[in-house]
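See below for the structure under consideration.
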Amino acid sequence: MDILEKLKASELKGRGGGAFSTALKWELVKKAKGKNKYVICNASEGEPNVFKDKYILDNYLPDVINGINLAVDFIKAKDAYIYLNKNYNLKGSVGKCIVFKKTSGYIGGEETAAVEAIEGKRAEPRIKPPFLTEVGLFNCPTLMNNVETFYYVSKIDKGEYNKTRFYSINGDVSNEGVYELPIDMPIFDILKQTGNYPDFDFFAQVGGGASGEIMLPQELKVPAFGAGSITIYNKKTTDIYALMEKWAEFFHTGNCDKCTPCREGAFRIYEMIKNRDINYEVLDDIFFNLKKSSFCALGRSIPLPFESLIKKVK
Amino acid sequence: MKIKINNKEFDCKKGEVILDVALRNGIKIPAVCRHSDLEPQNSCRLCLIEIKGKGIYTSCSTKVENGMEVTTESAEIKRLRRVNLELLFAQHIEQCNECNWSYKCRLLKLAKNYNIKITKFNDRKKGFPTHQFGPSIIFDSSKCIDCKNCIAMCQKQGVGFLEIKQKDGFFCTVSNKEKECVYCGQCITHCPSGAFEEVSSIKEVENVLKKGNVIFQFAPAIRSSIGEEFGLPYGSITTGKLVTALKKLGAKKVFDVSFSADITTIEEGKELIERLSKNKNLPMFTSCCPSWVRYVEVYRPELIKHLTSVRSPHIILGGLIKMSEDNPIVVSIMPCTSKKYEVTREELMIDGVKPVDYVLTTREIGRMIRKNKIDFDQLEESELDYPWGEPTGAGVIYGASGGVMESALRTVYQKMTGKRLKDINLKAVRGLKGVKEAEIEIGKRKVKVAIINGLGNIEGFDYKKYDYIEVMACPGGCIGGGGQPIPINNEIRKKRAESLYNIDKKKKIRQAHENPFVEKAYKEYLNNKKIIHKICHTTYGNNKNK
Ligand code: SF4
Ligand code: SF4
Ligand code: SF4
Ligand code: FES
């Protein structure tokens with residue numbers, strides 16, 4: 001069986017948050033026509049409370065590199081880049097991969113923004129279509145996968161994949177850390193099994209420490225999603241306004257400021273929350289526009305944590 | 001290909017964006033950050049539409065697909081546009097009286113149509129600084145709505161003086177301290193929010209007008225664009241009305257710079273013939289665009305020796321006026337912000353006297369005329385003043401890209417062969433292409449010429465293959481100048497240029513050297529080499545950091 005068949009059989013989906021079929025992506029790039037082709041390993045991991053890619057790089061770098069090399073061979077890529085969070089360091093050989101240290105904020109992790117950055121431009125998302133699979137780095141078809149995805153590609157190739165993924169768990173827990181567990185394990189079970197299920201009233205943020213959704217204890221019978229992070233907040237001791245202020249500041253300073261709703265909207269959310277002077281009608285207007293008229297997925301994802309927190313916890 | 005917009009079917013071409021199809025068919029969609037010269041910035045998020053089965057998209061950047069069904073108005077779209085408008089105004093400090101957009105402002109019109117309160121949020125940019133670039137350009141960052149058009153345009157010009165920098169959690173438009181602005185003003189004509197504008201000379205001119213000895217001269221390109229300042233159709237020719245308006249403002253005399261363009265042509269023709277005969281410093285580059293000259297001095301000093309030494313037309317006429325009139329104050333009305341810089345160049349002084357005292361842009365004179373409540377459209381037409389008021393067709397077409405070249409070739413051909421060019425309409429050098437070239441046989445010599453239309457096109461251009469090259473910094477030439485009425489796009493440039501070529505076509509005299517007043521000028525004023533040199537020629541290279 002060649003690697004594509006194996007990927008298809010594994011049903012592996014992208015672990016950066018988008019959950020796009022890996023086999024399909026590889027096939028698209030393979031079929032795309034271009035003078036050159038490129039592979040990029042996205043190791044930009046820029047969201048608070050998400051640290052599983054760092055863990056994988058620190059502990060399993062050879063597997064990640066092996067996954068990248070499989071991709072290079074498969075699409076016949078000219079070069080492979082590792083687009084690395086600027087605070088991360090790789091301990092070990094990266095083979096022929098070119099390491100590019102990411103410089104800009106959260107938005108720099110968006111895949112088209114990453115490509116712009118590697119090309120030496122400002123990390124700002126591109127309009128899609130065209131997708132990177134057709135017109136990517138230096139206008140060539142480009143295969144971009146997340147660190148964890150490449151790790152599992154390697155595992156799948158070796159026949160060692162057991163449908164697991166990596167979870168970052170932190171917050172008001174006793175056993176903070178990264179855990180490798182089945183992909184379909186309910187959050188409730190994950191917390192129990194890792195000895196992290198709280199014995200106090202709490203809420204959790206799942207899928208990203210800023211953009212993740214807020215979930216109540218009774219909602220945790222589903223698997224984790226997004227970037228696979230679970231952060232626990234003690235309901236009694238958490239100042240939800242301080243929490244929202246942290247998110248708001250993160251979005252306001254980490255976005256690219258290209259489009260009106262995200263640039264101005266994120267700022268006004270931050271301003272209202274910082275001043276603890278929230279006009280909920282205005283907030284609702286801004287959320288509406290963020291969701292429906294932002295240029296990229298980052299802007300569209302901003303309302304979710306706030307709306308779920310306000311609805312469920314406030 | 002066909003798409004449906006609001007349930008009506010329209011033809012369209014592959015690769016077109018929805019916005020263009022809609023606008024072409026009279027369907028209005030608000031689009032503030034889109035400029036057809038540039039790639040869509042996707043910034044304002046006002047041009048939203050809904051595509052059936054897919055959702056909300058921006059029409060300025062979404063390409064048509066066969067069978068697509070588009071809705072341009074709905075309660076949801078309205079709400080989205082309203083809120084985004086409110087957010088835009090939340091960062092934009094209005095100064096409408098002094099603004100280049102003033103009564104044409106799309107933002108204000110939208111605010112009214114969508115019934116929004118423009119003061120819903122406190123002004124985030126309150127206290128943001130105003131920057132001045134040389135004697136030409138002002139950037140009031142408190143008006144900026146962050147669309148980045150100016151940056152894209154400055155890059156397209158090959159200058160890259162403007163860039164993005166991160167400040168206090170925002171990416172802002174700033175100038176690059178390591179670079180120099182060339183004052184072309186294309187940032188102004190591409191800014192939707194009036195944040196860029198010219199350094200105004202209106203106050204100074206108002207003051208000197210009280211003294212009564214002010215002589216106005218206006219550039220070739222003004223006659224087909226000034227009407228737009230008063231709502232007239234693009235390309236309207238209003239030379240006679242402009243003369244009347246200027247007289248009403250208190251001008252003693254009004255002259256036409258097209259006339260001295262004929263002198264530039266003759267002097268430049270002489271120089272070209274000489275360089276051709278000696279095969280020295282070829283190609284020769286034109287120098288009537290001060291942004292181009294500045295670009296050469298700052299970024300391409302190796303080209304200095306290729307610039308013609310001839311002064312630009314309004315500087316020559318300014319010199320003639322200073323010689324022939326009694327203590328005049330000369331005000332040039334120019335389509336250009338860079339001319340404000342040009343008149344500060346010291347090597348242009350004639351015995352310590354500036355040939356031109358003030359420069360107003362087309363927009364500024366428009367504002368002055370409006371301010372004085374002169375009903376421009378209703379004005380009688382007046383004649384230009386004697387003797388520098390009668391241009392040839394060659395002088396008029398100076399205002400369009402390729403015009404300088406065409407005028408020069410008409411004259412050079414005659415001078416070198418003793419014969420008139422068979423067809424003096426040199427169509428190959430006209431039009432809006434970025435680079436144009438032609439080859440004409442003059443006697444035994446094949447002269448290869450090129451036209452660079454838009455400064456950015458000089459980058460990487462293999463100039464060594466040519467004998468004579470015209471460069472205009474602004475796309476379209478002066479009719480698309482940085483001082484011209486806004487908006488400007490290719491359709492408008494075409495109409496303004498067409499009008500100039502129509503004037504040329506109808507003129508009896510269409511070649512510079514046949515202008516009887518030029519003859520008069522050479523007989524009575526420019527009658528020895530020394531004087532010609534003083535009034536008509538200059539030097540370069542001492543202005544790098546101004
Ligand atoms: S762009 Fe100019 S006219 Fe329009 S609102 Fe702003 S300041 Fe006023
Ligand atoms: S005047 Fe020209 S060079 Fe200067 S900032 Fe504007 S576009 Fe750039
Ligand atoms: S100055 Fe004008 S053109 Fe430049 S980013 Fe601001 S609004 Fe856009
Ligand atoms: S005109 Fe389409 S986003 Fe501004």
Side-chain angles (χ1 to χ4, degrees), chain A residues 103-108 112-113 116-117 120-130 245 248-272 274-275 277 279 281-296 299-300 303, chain B residues 17 32-33 39-50 55-58 60-63 65 74-92 116-117 120-125 144-148 151-152 155 163-173:
Chain A
T103 45
S104 345
Y106 181 39
I107 188 65
T112 55
E116 292 282 291
K121 297 183 219 143
R122 193 171 96 88
E124 190 179 82
R126 289 182 183 171
I127 187 156
K128 288 185 268 192
E245 185 179 332
E249 185 176 11
F250 176 76
F251 290 127
H252 154 54
T253 54
N255 64 2
C256 82
D257 289 342
K258 183 189 186 84
C259 69
T260 306
C262 188
R263 178 186 62 248
E264 301 304 320
F267 169 70
R268 295 297 165 178
I269 295 172
Y270 174 58
E271 189 184 41
M272 285 191 282
K274 191 177 74 183
N275 298 335
D277 180 18
N279 178 332
E281 224 173 279
V282 172
L283 199 62
D284 192 54
D285 274 345
I286 293 175
F287 286 159
F288 183 70
N289 275 42
L290 276 167
K291 279 186 273 187
K292 298 248 174 188
S293 71
S294 295
F295 178 74
C296 80
R300 289 193 291 273
Chain B
V17 294
V32 166
C33 70
E39 290 294 310
Q41 298 289 357
N42 278 299
S43 165
C44 74
R45 316 306 283 176
L46 295 175
C47 65
L48 303 163
I49 47 94
E50 185 167 353
I56 302 280
Y57 284 80
T58 43
C60 69
S61 54
T62 309
K63 294 195 175 130
E65 272 166 37
S74 72
E76 186 175 84
I77 292 172
K78 191 167 175 188
R79 179 177 177 200
L80 288 166
R81 288 186 189 151
R82 281 186 60 140
V83 175
N84 281 342
L85 258 177
E86 285 169 353
L87 289 170
L88 278 176
F89 273 101
Q91 65 171 147
H92 172 70
I116 66 145
K117 229 171 89 197
K120 178 154 177 176
F121 296 95
N122 60 5
D123 281 316
R124 145 163 108 72
K125 295 198 168 172
C144 171
I145 58 170
D146 290 311
C147 72
K148 317 284 191 272
I151 297 174
Q155 236 151 42
E163 59 177 16
I164 300 173
K165 258 231 169 82
Q166 200 167 17
K167 265 200 277 182
D168 305 322
F170 284 103
F171 288 98
C172 308
T173 300

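Predicted model only: the values in this text are computed from it and were never measured. First the proteins, then the strands, lettered A, B, ... as listed; each starts at 1.
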What part of B/I145 gets closer than 4.5 Å to chain A, counting heavy atoms only: side chain, backbone, both or neither?
backbone
Applying ring pair (Phe, Tyr, Trp, His ring centres under 6.0 Å), name anything that partners A/F251, two or more places apart in sequence or on another chain.
none
Between A/E271 and A/R268, does at least one N-O distance fall below 4.0 Å, as a salt bridge requires?
yes
From the list B/I164, B/L48, B/I56, the residue making the most non-hydrogen contacts under 4.5 Å with chain A is B/I164
Check each atom of B/R124 against the heavy atoms of chain A and say whether the ones under 4.5 Å are side chain, backbone, both or neither.
both
Looking at A/C262 and A/G299, what are the two nearest heavy atoms and their distance?
SG-CA, 4.0 Å
Could you pull out all residues at least two apart from A/E116 that satisfy side-chain contact (heavy atoms from CB on, under 4.5 Å)?
A/E119, A/K121, A/R126
B/E39 CD: over 12 foreign heavy atoms closer than 6.0 Å:
no
Pair B/D146 + B/K125: basic N to acidic O under 4.0 Å:
yes
Bottom line for B/K120: the part with an atom under 4.5 Å from chain A's heavy atoms is side chain
Return the option, out of A/D285, A/I286, A/I127, with the maximum number of heavy-atom pairs under 4.5 Å with chain B.
A/D285
Which atoms of B/D168 come close to chain A, meaning under 4.5 Å heavy atom to heavy atom: side chain ones, backbone ones, both, or neither?
backbone
Measuring heavy-atom distances to chain A, does B/Q166 have an atom under 4.5 Å in its side chain, in its backbone, in both, or in neither?
side chain
Under a 4.5 Å cutoff for heavy-atom pairs, which residue among A/N255, A/T253, A/T260 has the most contacts with chain B?
A/T260
